[in-house]
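Working notes, beginning with the structure itself.
Hydrogens, waters and symmetry mates are skipped; everything else that's a heavy atom, side chains included, is used. Numbering of residues begins at 1 and proceeds along the displayed sequence.
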Amino acid sequence: QVQLVESGGGLVQPGGSLRLSCAASGRTFSSYAMAWFRQAPGKERAIVARINWSGGSTDYTDSVKGRFTISRDNAKNTVYLQMTSLKPADTAVYYCAAGPRWSASMTSGRYDYWGQGTQVTVSS
């Protein structure tokens with residue numbers, strides 16, 4: 001069992017930066033693949049970035065490549081999403097998720113545990 005708690009969301013101006021954190025409970029955190037998803041109003045939840053158990057492999061959806069960076073600290077049971085050059089289109093509730101394995105593609109992964117979400121609003 002893994003419990004996930006996100007933090008770090010807020011209101012930021014276009015072009016600004018935020019760092020989201022996801023703190024996990026449980027001794028097996030380091031064995032999980034982790035991901036960040038987001039859901040904008042009226043849209044389906046979609047994956048933004050993922051990272052394998054060691055941090056050696058990462059993947060990003062095209063719209064955030066070069067702007068977002070996912071990382072993890074297994075000693076702290078925490079995964080991060082550094083977001084830069086934020087745009088109004090990045091406005092959403094951001095969720096972290098944990099899954100048992102690294103899947104062949106970003107969209108085919110299974111995630112068994114989810115956080116409650118943190119709101120990110122990009123607006124002037």
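For an aromatic pair to be called close, the ring centres must be under 6.0 Å apart, and Phe68 with Trp36 fails this.
Looking at Pro100 and Arg110, their side chains come closer than 4.5 Å, going by heavy atoms from C-beta outward. Annotation: side chain of Leu18 is in contact with side chain of Leu86 (closest heavy-atom distance under 4.5 Å). With a 4.5 Å cut-off on side-chain heavy atoms, Ser17 and Gln82 count as touching. Inter-residue side-chain proximity for Ile51 and Val79 is flagged as met; some heavy-atom pair is nearer than 4.5 Å. Residues Asp59 and Trp102 form a side-chain contact, since some pair of their non-hydrogen atoms from C-beta on lies under 4.5 Å apart. Contact of the Ser25 side chain with the Gln1 side chain is not registered, since no non-hydrogen atoms from C-beta on lie closer than 4.5 Å. Inter-residue side-chain proximity for Ser123 and Leu11 is flagged as met; some heavy-atom pair is nearer than 4.5 Å. Side-chain contact between Leu81 and Thr69 is absent, with no heavy atoms from C-beta onward closer than 4.5 Å.
To the nearest 0.5 Å, the span separating OG on Ser30 from CG on Asp73 amounts to 11.0 Å. Between the OG atom in Ser124 and the CD atom in Gln13 there is a gap of 7.0 Å [rounded to 0.5 Å]. Atoms OH and CZ, on Tyr95 and Arg38 in that order, are 13.5 Å from each other to the nearest 0.5 Å. Thr121 OG1 to Asp90 CG: the interatomic distance, rounded to the nearest 0.5 Å, is 11.0 Å. Here the OG-CD1 distance, from Ser57 to Ile70, works out to 11.5 Å after rounding to the nearest 0.5 Å.
Heavy-atom minimum distance, Glu6 versus Gly117: OE1-N, 2.9 Å. Pairing each heavy atom of Thr61 with each of Ile47, the nearest pair is CB-O, 3.8 Å. When every heavy atom of Tyr113 is checked against every heavy atom of Leu4, the shortest pair comes out as O-CD1, 3.5 Å. Closest approach of Tyr94 and Met83 over heavy atoms only: CE2-SD, 3.9 Å. The two residues Ser108 and Ser105 have their closest heavy-atom pair at OG-OG, 2.9 Å. The two residues Met34 and Cys22 come nearest to each other via the heavy atoms CE-SG, 4.4 Å.
Within a 6.0 Å radius of CH2 in Trp53, other residues, nucleotides and ligands contribute 12 heavy atoms or fewer. Within 6.0 Å of atom CD in Gln116, more than 12 heavy atoms from other residues, nucleotides or ligands are found, so the atom counts as buried in its surroundings.
Stacking of Arg72 on the aromatic ring of Phe29 is recorded, both the 6.0 Å distance cut-off and the 45° axial limit being met. By the 6.0 Å and 45° rule, Arg19 stacks over the aromatic ring of Tyr80.
A donor-acceptor pair under 3.5 Å links the side-chain atoms of Arg50 to the main chain of Ser103, judged by distance alone. Asn74 contributes no side-chain N or O that, together with a main-chain N or O of Asn77, makes up a donor-acceptor pair within less than 3.5 Å.
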Residues Thr118, Leu20; criterion side-chain contact (heavy atoms from CB on, under 4.5 Å); working and verdict
CA-CA 8 Å; Thr118 186; Leu20 305 183; 4.0 Å; yes
Between Val2 and Thr28, does a side-chain contact (heavy atoms from CB on, under 4.5 Å) hold up when you go through it step by step?
CA-CA 8 Å; Val2 177; Thr28 59; 4.3 Å; yes
Full working for salt bridge (Lys or Arg N to Asp or Glu O under 4.0 Å) between Asp62 and Lys65:
CA-CA 5 Å; Asp62 286 345; Lys65 284 180 181 177; 3.0 Å; yes
